[in-house]
Amino acid sequence: MAEPPRFYQTTAIDYPNSRPHIGTAFEKIGADVQARYRRMEGYAVHFLMGNDENTIKVAKRAAELGQGPKTYCDDMARQFKEVWRALEISYDDFIQTSEQRHHVGCRVFIQRVFDNGHIYKGTYEGWYCEGCEAFKTETEAKESGGVCAIHKAPLVKRSEPCYFFALSKFQDQLLRFYEEYPDFIQPESRRNEVLALVQSGLQDVNITRSGQEWGIRVPFDEEFTIYVWFDALLNYITAIGYGTNAELFQRWWPADIHFIGKDITRFHCALWPAMLFAAGVEAPRMVFGHGFVYLKSAQGEQQKISKTLGNIVEPMEIITKFSAEAFRYYFLRECPFPGDGEFSWQRFSDVYNADLANNLGNLYSRCVTLITKNFDGHLHETASREPGVIYTDVDIETTVQQVQAHVEACQYNFALEKIWRQVLDPANQYADKQAPWTLVKTDKEAAKHVLYDLVELLRAAAILLKPFLPLSAETIYRSFNFPQPWESVRHEDAWVHPRQAADLRVLAALHDGKVKPLFPRIS
RNA sequence: CCCGGGGUGGAGCAGUGGUAGCUCGCCAGGCUCAUAACCUGGAGGUCGCAGGUUCAAAUCCUGCCCCCGGAACCA
């Protein structure tokens, strides 16, 4: 057997100074679908997530709570992972940038860049707040009118020694790189943005801070710590052993996709490849900048998710009221991954009831019940039977190919739309047209075949939905005695019908002759 | 001022030259297996505005109006 193709994907690491909200969850869900899809299709997948911990804000927040920064970070990481697990995010590794492996790798990396002559000592000048003990960005200073927004104290111009990364030297190399790998920046619309930025000229960036306890020390000048952006991006390679485990690093790098929010595209598309060039490491294959989730108020106003507005919707709130599967479905179906989307509780219940409860869930219920009531859950003499409907009314093969193409392009909303319009709707229509509940009284044999075909469509739907709704898809699939094990189904299996050795049977657990609704309606 | 995205029936969206489509909602009918779910039909749009190109434009060109983002450390 040939070695399976490998697939290394990452998401942006999050600041642990507040709990994850639906926006951060959106990114993880989108990435998770890709990971699950690739695993299904036979790739050896490595899916990395993590938290970005080496910031002053984190150290300050910890101090406020009277905790050590490491204790604080570990506890936040635990909370993040709890949410991700609840959302069925199938990450393989979770890195905290306060970990040893990251510190060691970072120091190796920055030393290499320094040795290669791309780091030099200079002076950083900026607006400084004594209270925060931190520099403010130019924009922050301007917005607050030269006064610290937190301390209301005037900002002072302050300069301090620091090290710069010679980003400007890489302008031409970056432009050549974009030309050689036109797919590097996804979606396409972000490409011009980055091109324009790089073409307009890049400034060298300050990559160190001084006078801080918390953070990673610069190996060639231990007074300094590595500034957060230079350190954060490196998580993608330190997690897979850069500087600590050459063999592991060899196995996974370069990354196939970095999933990130559209706001940090520039760091990933310009700074990051330049850093790698400087260290003599290969650049990643693709950066995917997904859109944002906005909140829609009851008055119909669109709002940015923000702590200060106090409008954060916690993922757990939705999971508790509905389910993790419903959460996943809503964002994957309603918010185009490459573009922006909106969340409102009203919209959420509408979509939930229409697509999950009334359509998918109800189809499942009626099929199972019909077979149970009329055939005792056993369709005799259906072993090795070719289904009829999938070759006539519904072209599953085309649908599967379209769905796959959409998933690979991270167009999850289109993929789901195809499944609903081309598999589930036709199934409900077929049921209505054939009316097996009536047919069973006059021609039991014919009714049996109709049900057999309906189940065949449910089987196809379950396979197609596996990356999106892992638990519900499994429940549907395991409600029948399909020959292929659920663990190893591929998309191709959805249209290449396996000859059943045994008659089709219902295996779902029943209570008073009924199945438990997959998605109970919410009124 | 600049850059990007967008303005399509009540709401949310698809649609880059050839009879304007989908989901939700609404109205009427059917069915009754199913989670009062399902199916069929209907009403409802001068596709932001004004010009232009073309046999033909939501779709291409020009100008204008409006909305939403962005401009370096914020997913």
Side-chain angles (χ1 to χ4, degrees), chain A residues 11-15 20-28 30-31 52 55 135-140 167 189-193 196-197 200 202-203 205-207 227-230 232-233 259-267 270-271 289-294 296 300-302 304-307 333-334 336 338-342 344 346-347 349-351 353-374 413-414 417 420-421 424-425 427-440 447 450-451 454 514-523:
Chain A
T11 59
I13 49 177
D14 298 303
Y15 283 126
H21 56 72
I22 55 176
T24 52
F26 180 50
E27 172 177 298
K28 315 309 175 198
D52 187 4
T55 72
F135 283 97
K136 301 290 174 181
T137 61
E138 205 59 43
T139 0
E140 275 180 311
L167 178 62
S189 54
R190 301 256 163 276
R191 196 179 149 75
N192 292 336
E193 188 184 322
L197 171 79
S200 74
L202 295 166
Q203 290 170 25
V205 291
N206 173 11
I207 56 163
Y227 183 59
V228 62
W229 261 109
F230 202 84
L233 289 162
F259 288 105
I260 58 160
K262 62 177 182 181
D263 54 335
I264 51 176
T265 312
R266 56 189 58 201
F267 300 106
L271 176 60
H290 64 77
F292 285 179
V293 173
Y294 294 94
K296 197 164 189 184
E301 285 166 5
Q302 202 182 63
K304 211 169 171 172
I305 297 174
S306 101
K307 217 172 156 184
R333 177 68 184 87
E334 281 298 297
D340 296 337
E342 287 182 339
S344 76
Q346 185 57 51
R347 184 85 188 141
S349 8
D350 287 350
V351 168
N353 279 335
D355 292 354
L356 294 177
N358 298 353
N359 196 329
L360 174 62
N362 184 52
L363 175 68
Y364 167 77
S365 295
R366 65 199 305 209
C367 287
V368 170
T369 315
L370 276 166
I371 297 173
T372 307
K373 280 191 180 162
N374 296 296
N413 57 329
F414 290 148
E417 186 181 16
W420 258 257
R421 299 289 85 80
L424 299 174
D425 284 351
N428 272 317
Q429 288 159 3
Y430 182 74
D432 198 69
K433 205 169 115 197
Q434 300 296 326
W437 48 89
T438 310
L439 197 59
V440 76
V450 168
L451 291 172
L454 279 173
K514 292 193 167 206
V515 258
K516 201 174 127 208
L518 266 185
F519 300 99
R521 261 186 77 88
I522 304 279
S523 45

Revision key, fill the gap. Of the candidates B/rG12, B/rA14, B/rA75, the side chain of A/Ala12 sits closest to B/rA75

Check your understanding: Heavy atoms, side chains only, cut-off 4.5 Å: are A/Asn428 and A/Arg366 in contact?
Key -> yes

Review point. When the P atoms of B/rG70 and B/rG10 are considered, how many whole Å apart are they?
Key: 30 Å

Check your understanding: Out of B/rC39, B/rA72, B/rA75, which nucleotide sits closest to the side chain of A/Asp432?
Key -> B/rC39

Review point. Are A/Tyr364 and B/rA34 close enough that a side-chain N or O sits under 4.0 Å from OP1 or OP2?
Key: no

Point to revise | Atom P, compared across B/rG51 and B/rA58: separation rounded to whole Å | key: 15 Å

Point to revise | Proximal nucleotide (of B/rA72, B/rG12, B/rU35) relative to the A/Ser365 side chain | key: B/rU35

Practice item. Between B/rC66 and B/rA50, how far apart are the C1' atoms? Round to whole Å, please. Key: 15 Å

Review point. Where the side chain of A/Tyr294 is defined as all heavy atoms beyond and including C-beta, which of B/rA75, B/rG69, B/rG12 is the nearest nucleotide?
Key: B/rG69

**Study point:** Candidate nucleotides B/rC39, B/rA34, B/rG69, ranked by approach to the side chain of A/Arg366 - the nearest
**Key:** B/rA34

Exercise for review: Verify whether one side chain among A/Gln346 and A/Asp350 offers a donor that lies under 3.5 Å from an acceptor in the other.
Suggested key: yes

Exercise for review: Kindly assign one of parallel, tilted or perpendicular to the pair A/Phe26 and A/His290, based on the angle between their ring planes and the thresholds 30° and 60°.
Suggested key: perpendicular

Exercise for review: Would you mind checking if A/Glu342 and A/Arg347 are paired as a salt bridge, meaning a charged N to carboxylate O distance below 4.0 Å?
Suggested key: no

Revision key, fill the gap. From the candidates B/rC33, B/rA75, B/rU35, the one with an atom nearest any side-chain atom of A/Asn362 is B/rU35

Practice item. Give a yes/no on whether any side-chain N or O of A/Lys433 is located under 4.0 angstrom from OP1 or OP2 of B/rC38. Key: no

Point to revise | Proximity to the side chain of A/Asp350 - top-ranked nucleotide from B/rC24, B/rG30, B/rA75 | key: B/rC24

**Study point:** Pairwise C1' distance for B/rU40 and B/rC55, with rounding to whole Å
**Key:** 39 Å

Study note, to complete from the structure: Which of B/rA72, B/rC74, B/rA34 is nearest the side chain of A/Asp263? It is B/rC74

Practice item. Give a yes/no on whether any side-chain N or O of A/Arg521 is located under 4.0 angstrom from OP1 or OP2 of B/rA37. Key: yes

Exercise for review: Kindly point out which of B/rA37, B/rC33, B/rA75 is positioned nearest to the side chain of A/Asn358?
Suggested key: B/rA37

**Study point:** Spacing of CZ belonging to A/Phe259 relative to OG1 belonging to A/Thr11, to within rounding of 0.5 Å
**Key:** 9.0 Å

**Study point:** Nearest to side-chain heavy atoms of A/Phe414, which nucleotide of B/rG69, B/rA72, B/rA14
**Key:** B/rA14

Point to revise | Same-atom distance (P) from B/rC61 to B/rU16, integer angstrom | key: 14 Å

Review point. Taking the C1' atom of each, how far is B/rC27 from B/rA20, in whole Å?
Key: 22 Å

**Study point:** Interatomic distance at C1', B/rG7 relative to B/rG42, whole Å
**Key:** 29 Å

Review point. Does a side-chain N or O from A/Lys373 land closer than 4.0 Å to OP1 or OP2 of B/rC33, or not?
Key: no

Review point. Counting only side-chain N and O atoms of A/Gln429, is one of them less than 4.0 Å from OP1 or OP2 of B/rU40?
Key: yes

